[in-house]
There are 2 protein chains.
Amino acid sequence: MTTRTASERRAEAAQRYDAYLAACPTRQLLDRISDKWVTLVLSALAGGPQRYSDLSRRIAGVSQKMLTQTLRSLERDGLVSRAVTPSVPVRVDYALTPLGSTLMPLLAHIKEWAEHHMDEVAAARTGYDGASGSAAP
Amino acid sequence: MTTRTASERRAEAAQRYDAYLAACPTRQLLDRISDKWVTLVLSALAGGPQRYSDLSRRIAGVSQKMLTQTLRSLERDGLVSRAVTPSVPVRVDYALTPLGSTLMPLLAHIKEWAEHHMDEVAAARTGYDGASGSAAP
DNA sequence: CAGAATCCAAGGGGATACTG
DNA sequence: CAGTATCCCCTTGGATTCTG
């Protein structure tokens, strides 16, 4: 028999599962919209096209690295478009693509659920914390 | 005048924005369901109550640490319930709470969008990669 | 069986400086 | 203005070991 430890089998299963997860479109979408900045950028663009500096100001807490990285990945996925105007100081405008626009209703639903139920979650959280830990810092 | 560097102002803005983000229910919900294992556990429980070991087997690639951690946070948020049966080997059953059940339709919508549009995303991705990088490994 | 505790490696993400 | 490149910290998460 193949002398195979439990951890080896575990590792193998993990790999197969990772592949399965990577292939799952739901997982991919979740990974995309769950990014800290993605939804903020998308929301910012929902009001209309924005320049890079506008986005930078509107989202405030974001670093150039993250903003650029987020915009690149969104552009790559066809959710936002990037238009360069080669004026003297370069000008770049970002906008939602039609595909990106179809994603917004989903975010709206999530927003609704959150607004309707997040207080229940908060209550459950408080109850849970108070039940065992007594004193929560 | 207050001698304040740009980075100081940036840092301040970032802090304020972090607070804003932390307070936003949408952000909280996204942070929750975007977790790699949360949706898997939730989906596994959608078919009915499951024991700890059952979940461990069904989700396969998960480590005890992550499974336990995920279940704890979900229990804390009132999305899953935990029932301990003090038999000789302890038995613990997890199940979706009513609140947790109301979350499933959202995941279904996400799943639908993903299944309908993920090929467009994939196409956009391929086009983007082929346009600039020429050779993609 | 169900879980807590510890150790440790990899990667995400911020700050900074430089470029076209 | 709109990025790119670099350094570096600190969190995330897997493997392992020990308990009730």
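Every chain is numbered from 1 and lettered A, B, ... according to where its sequence line falls, protein lines coming before strand lines.
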To the nearest angstrom, the CH2-P distance between B:W37 and D:dT12 comes to 16 Å
Rounded to whole Å, the NZ-P distance (B:K65 to C:dT6) equals 12 Å
One should read off an interatomic distance between A:E115 CD and B:C24 SG, to the nearest 0.5 angstrom, of 8.0 Å
Original post:
Can you tell me if the side-chain N/O atoms of B:S53 get under 4.0 Å from OP1 or OP2 in C:dA2?
Top reply: yes
So CE of A:M118 and CG of B:L29: to nearest 0.5 Å the spacing works out to 5.5 Å
Looking only at C:dG14, C:dG13, D:dG13, the nucleotide nearest the A:D35 side chain is C:dG13
Here the distance between atom C1' of C:dG14 and atom CG of A:L67, to the nearest Å, is 14 Å
Between CZ of A:R57 and P of D:dC1 the distance, given in whole Å, is 7 Å
Whole-Å distance, A:M66 CE to C:dT16 P, equals 16 Å
### Query
Should B:Y52 be listed as having a side-chain N or O under 4.0 Å from OP1 or OP2 of C:dA4?
no
Side-chain contact check for B:R72: nearest option of C:dG3, D:dG14, D:dG3 is C:dG3
Atom NZ of A:K36 and atom P of D:dC10 are separated, to the nearest Å, by 15 Å
**Request:** Kindly say if B:R82 contacts the phosphate of C:dG3, meaning a side-chain N or O under 4.0 Å from OP1 or OP2.
**Result:** yes
- request: For the pair B:R125 and B:D129, find out whether any cationic side-chain nitrogen is under 4.0 Å from an anionic carboxylate oxygen.
  value: no
Self-check item: side-chain N/O B:Y94 vs C:dC1 OP1/OP2, d < 4.0 Å
Solution: no
A:Q69 CD to C:dG14 C1', in whole Å, measures 11 Å
Quick one, B:R51 with B:S56, criterion side chain to side chain donor-acceptor pair (under 3.5 Å). Give me CA distance, side-chain angles, the key distance, then yes/no. CA-CA 9 Å; B:R51 297 183 56 176; B:S56 179; over 6 Å; no
Quick note, B:R51 side chain, CB onward, closest among C:dG13, C:dA2, D:dG14 is C:dA2
Looking only at D:dC1, C:dG14, C:dA2, the nucleotide nearest the B:V92 side chain is C:dA2
Separation of C:dG20 atom C1' from A:R91 atom CZ, nearest Å, is 19 Å
### Query
Do A:D54 and A:R58 sit within salt-bridge range, that is, some charged N less than 4.0 Å from a carboxylate O?
no
